Participant: 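Sharing a structure here in structure tokens format.
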Amino acid sequence: MNVQFFTKVDCPLCDKAKARLKELQSELTFTIEEFDIYKDDTLLEKYQLMIPVVEHEGEMLAYGQVNKEEVRKRLLEKIR
């Protein structure tokens with residue numbers, strides 16, 4: 001399973017979210033595909049005020065203050 005993580009450089013909130021995703025990787029099997037929104041104008045326009053954003057197959061799982069338990073719950077729903 002792949003999880004898309006939309007972020008930017010020098011973003012403390014993004015760093016916290018990434019750490020939470022990495023913690024979840026010890027429980028669930030998934031890869032993190034990281035995208036810097038400042039390297040793609042379309043992503044910048046879409047996510048500028050929302051980052052960090054966590055998605056799976058185009059569905060937003062979390063954004064902003066990423067809650068580890070909420071992401072875990074949403075990923076488990078995808079596995080079933």
Side-chain angles (χ1 to χ4, degrees):
M1 176 183 332
N2 289 335
V3 169
Q4 292 76 40
F5 180 60
F6 300 93
T7 184
K8 71 175 186 174
V9 176
D10 294 327
C11 172
L13 200 56
C14 300
D15 295 340
K16 287 180 184 178
K18 187 173 182 180
R20 290 183 180 122
L21 288 175
K22 287 189 175 286
E23 289 171 14
L24 282 173
Q25 282 183 312
S26 66
E27 303 169 35
L28 304 169
T29 303
F30 65 92
T31 57
I32 302 169
E33 294 179 89
E34 192 168 335
F35 300 91
D36 182 338
I37 64 167
Y38 281 92
K39 292 184 178 178
D40 183 318
D41 290 341
T42 305
L43 294 178
L44 179 60
E45 186 175 329
K46 185 175 181 181
Y47 297 118
Q48 184 171 336
L49 301 174
M50 299 172 68
I51 62 165
V53 175
V54 179
E55 287 188 356
H56 171 66
E57 294 182 352
E59 181 181 337
M60 190 177 301
L61 304 179
Y63 70 93
Q65 295 278 352
V66 174
N67 180 295
K68 182 175 143 183
E69 298 307 316
E70 181 63 25
V71 173
R72 175 190 288 120
K73 177 182 161 195
R74 303 282 304 275
L75 287 174
L76 285 172
E77 289 171 1
K78 301 291 178 193
I79 291 171
R80 294 183 186 145

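We count residues from 1, following the sequence as given. Worth saying up front: this structure is predicted, and the values here are computed from it rather than measured.
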Participant: Restricting to non-hydrogen atoms, name the atom on Thr31 and the atom on Gln25 that form the minimum distance, rounded to 0.1 Å.
Facilitator: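 That would be CA-NE2, 3.9 Å.
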Participant: Indicate the atoms forming the closest heavy-atom contact of Leu61 with Arg74, along with that distance.
Facilitator: O-NH1, 3.3 Å
Participant: For residues 18-54, which residue pairs qualify under ring-ring contact (aromatic ring centres under 6.0 Å, His included), counting only residues two or more places apart or in two chains?
Facilitator: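 As it turns out, the ring-ring contact (aromatic ring centres under 6.0 Å, His included) pairs with a partner in residues 18-54, which skip direct neighbours, are Phe6-Phe35, Phe6-Tyr47.
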Participant: If hydrophobic clusters are built by linking Ile, Leu, Val, Met, Phe, Trp and Tyr wherever their side-chain heavy atoms come under 4.5 Å apart, do Leu21 and Met60 end up in the same one?
Facilitator: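 No; Met60 is not reachable from Leu21 via cluster members.
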Participant: Is the number of heavy atoms from other residues, nucleotides or ligands within 6.0 Å of OH (Tyr63) greater than 12?
Facilitator: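 Open: at most 12 neighbouring heavy atoms sit under 6.0 Å from OH of Tyr63.
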Participant: Would one find more than 12 heavy atoms of other residues, nucleotides or ligands at under 6.0 Å from atom CD of Glu45?
Facilitator: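 No, not enclosed.
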Participant: List the atom of Asn2, the atom of His56, and the distance in Å for their closest heavy-atom pair.
Facilitator: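 Closest pair (atom of Asn2, atom of His56, distance): O-ND1, 2.8 Å.
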Participant: I need the minimum non-hydrogen distance between Ile51 and Leu13, along with the two atoms involved.
Facilitator: O-CD2, 4.2 Å
Participant: Taking C-beta and beyond as the side chain, do Val3 and Glu55 meet within less than 4.5 Å on heavy atoms?
Facilitator: no
Participant: Walk me through it: do Lys18 and Glu34 pass the test side-chain contact (heavy atoms from CB on, under 4.5 Å)?
Facilitator: CA-CA 9 Å; Lys18 187 173 182 180; Glu34 192 168 335; 2.7 Å; yes
Participant: Grab the two heavy atoms, one from Val66 and one from Arg20, that are nearest each other, plus how far apart they are.
Facilitator: O-NH1, 3.0 Å
Participant: I'd like to know if Glu57 and Lys78 make a salt bridge, using a cut-off of under 4.0 Å between side-chain N and carboxylate O.
Facilitator: no
Participant: Where do Thr7 and Cys14 come nearest, in terms of heavy atoms and distance?
Facilitator: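 So the minimum-distance heavy-atom pair works out to OG1-CB, 3.0 Å.
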Participant: So, do Leu76 and Lys73 sit near enough that their side-chain heavy atoms are less than 4.5 Å apart?
Facilitator: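 Not touching, per the 4.5 Å side-chain cut-off.
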